Amino acid sequence: MAFRLPSGWTRAEPAPTQGGAPDFIAVHARTDDGFTPNITVGTRAAEASLDQLADDAVAQLTATQTDVVVRRRQPLGHEPAPGLAQELTFTTTLDGHDVAITQQQVLLTLTAPADGEGRVLYVATFTTTTRTVSKLAPDFLAMVRSLRPEPSPHR
């Protein structure tokens with residue numbers, strides 16, 4: 001997968017997690033309320049409907065956060081690359097105080113590039129404080145628009 005990373009964002013090394021790390025992580029230089037805005041991109045087999053995959057993403061977040069709300073969910077694109085976007089909000093605790101967080105997720109399915117069989121799910125996620133989402137969301141949208149399935153280095 002190839003895409004353009006907007007200025008102000010830098011690549012970060014994925015931290016090991018129980019569920020596996022995303023393929024790519026970028027962080028923004030500007031933190032807010034102790035939270036560092038981040039963008040992640042990952043891939044996996046698309047073995048369910050987009051709605052089910054989006055529900056799974058919500059369930060995964062709900063496993064670690066208690067007040068997850070799906071604020072918006074809408075279909076994107078069309079065959080051969082249908083997608084879905086959703087915006088979630090929740091509160092996390094950082095350094096002993098609550099911080100309102102917004103997460104935007106874009107799920108895109110494409111035919112597997114290696115063999116042309118099956119589908120691959122690309123998940124791009126943008127997470128920031130609710131207070132900074134309007135300032136940084138255009139960067140995320142620009143990155144999503146630049147996504148390409150070519151196997152070239154991230155720029």
Side-chain angles (χ1 to χ4, degrees), residues 1-44 46 50-78 81-110 120-155:
M1 166 163 289
F3 54 86
R4 290 196 187 281
L5 191 61
S7 63
W9 295 85
T10 56
R11 184 177 187 151
E13 286 301 314
T17 62
Q18 287 182 330
D23 299 328
F24 179 84
I25 298 174
V27 294
H28 196 271
R30 181 186 317 151
T31 62
D32 180 52
D33 221 358
F35 187 85
T36 302
N38 61 81
I39 293 172
T40 63
V41 180
T43 59
R44 67 178 200 212
L50 282 169
D51 283 324
Q52 181 59 53
L53 294 165
D55 288 343
D56 291 349
V58 172
Q60 207 171 25
L61 189 57
T62 301
T64 60
Q65 305 299 324
T66 57
D67 62 344
V68 177
V69 174
V70 178
R71 306 272 306 168
R72 173 179 57 85
R73 182 182 282 183
Q74 65 190 49
L76 297 173
H78 48 78
L84 185 142
Q86 63 182 3
E87 182 174 274
L88 314 172
T89 59
F90 58 95
T91 304
T92 195
T93 303
L94 294 173
D95 298 325
H97 69 282
D98 289 344
V99 179
I101 301 292
T102 297
Q103 185 174 90
Q104 296 178 350
Q105 302 173 345
V106 174
L107 295 78
L108 300 170
T109 57
L110 299 170
V120 175
L121 174 69
Y122 294 88
V123 180
T125 304
F126 164 58
T127 310
T128 192
T129 61
T130 300
R131 190 168 47 209
T132 61
V133 71
S134 64
K135 294 175 190 159
L136 297 176
D139 290 350
F140 176 63
L141 295 176
M143 194 256 351
V144 167
R145 285 187 197 109
S146 75
L147 285 171
R148 302 289 177 262
E150 300 95 33
S152 65
H154 307 296
R155 298 182 267 168

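In this text, all values refer to a predicted model and were calculated from it rather than measured experimentally. Quick note: numbers below take in every heavy atom, side chains included, and nothing from hydrogens, waters or symmetry partners.
Residue Y122 holds its OH atom at 9.5 Å from CG of D23, rounded to the nearest 0.5 Å. With values rounded to the nearest 0.5 angstrom, T132 atom OG1 is found 8.5 Å from F35 atom CZ. Between the OG1 atom in T127 and the CG atom in L136 there is a gap of 11.5 Å [rounded to 0.5 Å]. Considering CG of N38 and CD1 of I25, their distance stands at 7.5 Å, rounded to 0.5 Å. Taken from CG in D98 to OG1 in T92, the straight-line distance is 8.5 Å, to the nearest 0.5 Å. One distance of note links CD of Q74 with CG of L84; it measures 8.0 Å at 0.5 Å rounding.
Between S7 and D139 the shortest heavy-atom distance is O-OD2, 4.2 Å. Annotation for A85 and L76: closest pair CB-CD1, 3.7 Å, computed over non-hydrogen atoms. Looking at every heavy atom in both residues, P138 comes nearest to S134 through CD-O, 3.5 Å.
Using a 4.5 Å cut-off on side-chain heavy atoms (C-beta onward), D32 and T128 make no contact. R30 has its side chain out of reach of P37: every pair of non-hydrogen atoms, C-beta onward, lies at least 4.5 Å apart.
There is a side-chain donor-acceptor pair under 3.5 Å between D67 and T91. Residues T125 and Q105 bring no donor and acceptor atom of their side chains to less than 3.5 Å of each other. Side-chain N/O atoms of Q52 and D56 include a donor and acceptor closer than 3.5 Å. Remark: the T130 side chain and the T102 side chain contain an N/O donor-acceptor pair separated by less than 3.5 Å.
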For this session: Take V41 and M143 through the side-chain contact (heavy atoms from CB on, under 4.5 Å) test and state the conclusion after the steps.
Result: CA-CA 10 Å; V41 180; M143 194 256 351; 4.1 Å; yes
For this session: Verify side-chain contact (heavy atoms from CB on, under 4.5 Å) between F24 and L5, making sure each step is shown before the conclusion.
Result: CA-CA 11 Å; F24 179 84; L5 191 61; 3.9 Å; yes
Problem set entry | Worked verdict on V133 versus Q104 for side-chain contact (heavy atoms from CB on, under 4.5 Å) | CA-CA 9 Å; V133 71; Q104 296 178 350; 3.8 Å; yes
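Every residue meeting the side chain to side chain contact (heavy atoms under 4.5 Å, CB included) condition with V58, not counting sequence neighbours, appears here in chain and number order: T62, V68, V70, R73, Q86, L88. Under the rule for a salt bridge (Lys or Arg N to Asp or Glu O under 4.0 Å), the partners of R72 that lie at least two apart in sequence or sit in another chain are E87. Every salt bridge (Lys or Arg N to Asp or Glu O under 4.0 Å) that D33 has, sequence neighbours left out, goes to R131.
More than 12 heavy atoms of other residues, nucleotides or ligands shown are found within 6.0 angstrom of NE2 on H97.
Aromatic ring orientation, F140 versus F126: parallel (interplanar angle below 30°, classes split at 30° and 60°).
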